[in-house]
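First up is the structure itself, then whatever we jot down about it.
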Amino acid sequence: MIGLLLCLPAALILGVGFVWPVALLARISLNRTTDMGAMEEAFSLETMAKLVEDDFTWELAWNTATLSATCGAIAVALALPVALLIRSAPPQWRGLLSLMAVAPLLVSSTARIVGWMAILGDRGMINAMLAWIGLVDDPVRLINNWTGVRIGLTESLMPYACLVLIAGLGRLDSRLEEAAATLGATRTKTFLRVTLPLAAPALAAAFLLVFVLGVSAFVTPRLMGGGRVFVVATEIFDLALETVDWPAAAAMAMLLLGSLALAMALRGLVAKVAR
């Protein structure tokens with residue numbers, strides 16, 4: 001009984017801050033949009049059915065999933081050496097190195113994206129260096145397209161991957177690697193046959209986290225894409241604030257939330273079966 005009372009404040013905060021807004025969103029998704037553009041109260045799955053039947057919705061879903069999976073995989077691959085370096089560093093340096101790895105999270109994502117736009121722009125640092133070296137005559141288009149979105153999203157996801165991998169790799173027993181070296185294994189074999197398999201759960205957890213964050217990312221595709229890159233988050237924004245089709249925006253948001261919940265449930269099921 002005491003435990004339930006102690007959990008009550010957290011449950012209230014979770015209910016008011018998450019469950020209630022999601023319930024309101026689900027209720028709006030059941031409404032209809034009239035031919036005049038007004039929202040009509042109803043209890044119908046008509047709006048959601050139209051989205052599911054629309055080929056553009058599936059194209060958005062495919063673009064979002066591939067973008068998030070690609071950037072998530074690259075972010076985890078880049079974060080792994082950082083986490084391994086921090087793990088092998090002397091104990092007195094690990095705290096500082098960990099702070100440096102996640103320091104980008106202390107800066108607003110919008111500010112970081114604006115910085116990337118200045119670096120990757122037609123007159124940015126990258127194009128200026130390429131022109132100075134003589135490799136290109138015309139600027140290389142690195143923003144306002146999928147390339148810029150991939151670069152910006154990978155950078156924004158990498159600190160989260162570092163955070164998960166630092167925590168996950170910190171629990172690995174270094175004596176197993178020492179035993180492999182004692183038995184004659186090279187560093188490459190020790191990494192491939194000992195460290196990497198042991199780090200697989202942390203890698204999977206890091207990828208799942210950054211994948212979910214990438215699917216719901218809005219600022220990076222909006223700014224780095226320059227209005228030419230369309231994903232689910234940008235479409236929800238357009239439906240809600242430009243088209244003012246709230247039922248469609250709410251229905252697409254519920255479909256996105258349901259897809260993420262299904263992905264996380266499947267991941268948990270696979271992990272349970274693997275055990």
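No hydrogens, no waters, no symmetry mates; every other heavy atom, side chains included, goes into these values. Here, residue 1 is the first one in the sequence, and each next residue gets the next number.
Proximity of Trp246 to Asn31: side-chain heavy atoms (C-beta onward) are nowhere separated by under 4.5 Å. Here the side chains of Val229 and Thr234 are not in contact, with every heavy-atom distance at 4.5 Å or above. Between Arg112 and Pro104 there is a side-chain heavy-atom pair separated by less than 4.5 Å. The shortest distance between side-chain heavy atoms of Leu67 and Cys71 falls below 4.5 Å.
Atoms CE and CG, from Met224 and Asn145 in turn, are 8.5 Å apart once rounded to the nearest 0.5 Å. Note that the OG atom of Ser216 and the CD1 atom of Ile236 stand 9.5 Å from one another [nearest 0.5 Å]. Taking CD of Glu178 as the start and OG1 of Thr190 as the end, the distance is 10.5 Å to the nearest 0.5 Å. Atom CD1 in Ile86 sits 10.0 Å away from atom CG in Leu99 (nearest 0.5 Å).
The two residues Asp238 and Arg222 make their nearest non-hydrogen contact at OD1-NH1, 3.0 Å. Closest approach of Ala250 and Leu25 over heavy atoms only: CB-O, 3.5 Å. Residue Arg87 comes nearest to Arg94 through the heavy atom pair O-NH2, 3.2 Å, listed as atom of the first residue, atom of the second, then distance. The shortest non-hydrogen separation linking Ile143 to Gly121 is CD1-CA, 3.9 Å.
Annotation: Trp146, atom CH2; neighbour count of heavy atoms from other residues, nucleotides and ligands within 6.0 Å is above 12. Within a 6.0 Å radius of CZ in Arg193, no more than 12 heavy atoms belonging to other residues, nucleotides or ligands are found.
With a 4.5 Å cut-off between side-chain heavy atoms of Ile, Leu, Val, Met, Phe, Trp and Tyr, the cluster of Leu30 takes in Phe43, Leu45.
Between the side chain of Ser68 and the backbone N or O of Val215 there is at least one donor-acceptor pair closer than 3.5 Å. The backbone N or O of Val140 lies less than 3.5 Å from a partner atom in the side chain of Asn127, making a donor-acceptor pair.
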Under 3.5 Å, which donor-acceptor pairs link side chains of residues 156-170 to any protein atom two or more places apart or in another chain?
unit_1 : atom_1 : unit_2 : atom_2 : d
Ser156 : OG     : Gly152 : O      : 3.3
Ser156 : OG     : Leu153 : O      : 2.8

Which atom pairs, one a donor and one an acceptor, fall under 3.5 Å between side chains of residues 52-62 and the rest of the protein, sequence neighbours left out?
unit_1 : atom_1 : unit_2 : atom_2 : d
Asp54  : OD1    : Phe56  : N      : 3.1
Thr57  : OG1    : Leu51  : O      : 2.8
Trp58  : NE1    : Val52  : O      : 2.6

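Taking a cutoff of 4.0 Å between a charged side-chain nitrogen and a carboxylate oxygen, Arg32 and Asp245 do not qualify as a salt bridge.
Donor-acceptor pairing under 3.5 Å is lacking for the side chains of Glu40 and Thr33.
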